[in-house]
Amino acid sequence: MIFNGLKHSLACVSHYDRSDLAEACEKNKGPYPYVALTLGRHEIDEFVSDEKLQSHIDLIELRLDSMLKDSQDLESRKVFSNVVKLCLRRDVTFQYLLTLRTENEGGEARFSAEEYVLAISRLLSAFYKTPEALSHVAGIDIEIRNFHETGEDITEVIENIKDKTVILSSHITKPFDLKDNLNLLCKEYEKCIDTGIQNVLIKLAVEISNKAELKEFEKKIAEFRSKRRMEAIFIPLGKEMMNERVSNPCFKSPIYFAKRERDETTGQLDAIELCKLLIAQN
């Protein structure tokens, strides 16, 4: 399945046929973006019973930091086993994008860089032992700065999931950190490509608090796209950025992230509202 017309595929994802959005995109020869619904462990049951919500999304971003929160969880085999079991549920027909988000990047996991790298390694090891569960995984989001700080080679950790999509991500609160973070993402992306890991894209999310910061972000994105042919997701975070994420052409993306309900802290729309905006845009 071609991921929004880009050269690589979002591995293993079977696109849900949202005909209204498909027709709108085809009519305008525009992209057919994926919509990922961000869910924690305890939200899965409610999601399963909500057919209307299911009709508006393509895959589930499973937030593992709702289960893996600290060093105590890191030492629990049961926690990793429970993650694998979630991906084996027969009543969930969607693929999963696995995300372990640390507090430093807006999540709940209270991990040091070393603990984060260890958690990712143990998580993937648990899935390697259960191929059926791994078959329900579309990809994984990895915070690249933790690998950079520890000096660990990310390509060695993800070498055995080459058929999955790997999102190298960075979430920052200060726009002036843009250049260094973008350079780091590009460096690690190229390393992955050079070692034969092809299904890779980068994701940079920046907390934006005013129009000046938004303009600076737009400028950096334009510069990036003029110099590099690299698959990337750029996201402005913040309450005032909800519509910008969808309506601003600068942030046109192969994948959009949604919630079950609006989240004004991160600026995420609910899935149904997001799809309506995407249809109107196309």
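Please read all numbers here as calculations on a predicted model, not as lab measurements.
Residues passing the salt bridge (charged side-chain N to carboxylate O under 4.0 Å, His left out) test with D91 are R89, sequence neighbours excluded. In this view, E61 satisfies the salt bridge (charged side-chain N to carboxylate O under 4.0 Å, His left out) rule with no residue, not counting sequence neighbours. In terms of the salt bridge (charged side-chain N to carboxylate O under 4.0 Å, His left out) criterion, residue partners of E75 (sequence neighbours excluded) are, by chain and number, R122. The ring pair (Phe, Tyr, Trp, His ring centres under 6.0 Å) check on F147 picks up nothing, with sequence neighbours excluded. Every residue meeting the side chain to side chain contact (heavy atoms under 4.5 Å, CB included) condition with D263, not counting sequence neighbours, appears here in chain and number order: K259, T265, T266, Q268. Every residue meeting the ring pair (Phe, Tyr, Trp, His ring centres under 6.0 Å) condition with F251, not counting sequence neighbours, appears here in chain and number order: F217.
A pairwise comparison of heavy atoms in F80 and A119 identifies CE2-O, 3.6 Å as the closest pair. Across all non-hydrogen atoms, the minimal contact from C192 to T195 is O-OG1, 3.0 Å.
Under the side chain to side chain donor-acceptor pair (under 3.5 Å) test applied with T102, the options E115, E143, E108 reduce to a single match, E143. Just one of T99, I120, L98 meets the side chain to side chain contact (heavy atoms under 4.5 Å, CB included) condition when paired with L64; it is L98.
F257 carries K203 over the face of its six-membered ring, with the cationic atom under 6.0 Å from the centre and within 45° of the normal.
One finds no salt bridge joining E223 and K179 here, because no Lys/Arg side-chain nitrogen approaches an Asp/Glu carboxylate oxygen to under 4.0 Å.
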Apply salt bridge (Lys or Arg N to Asp or Glu O under 4.0 Å) to the pair K191 and E188, showing each step before the final yes or no. CA-CA 5 Å; K191 183 191 296 183; E188 296 299 324; 3.4 Å; yes
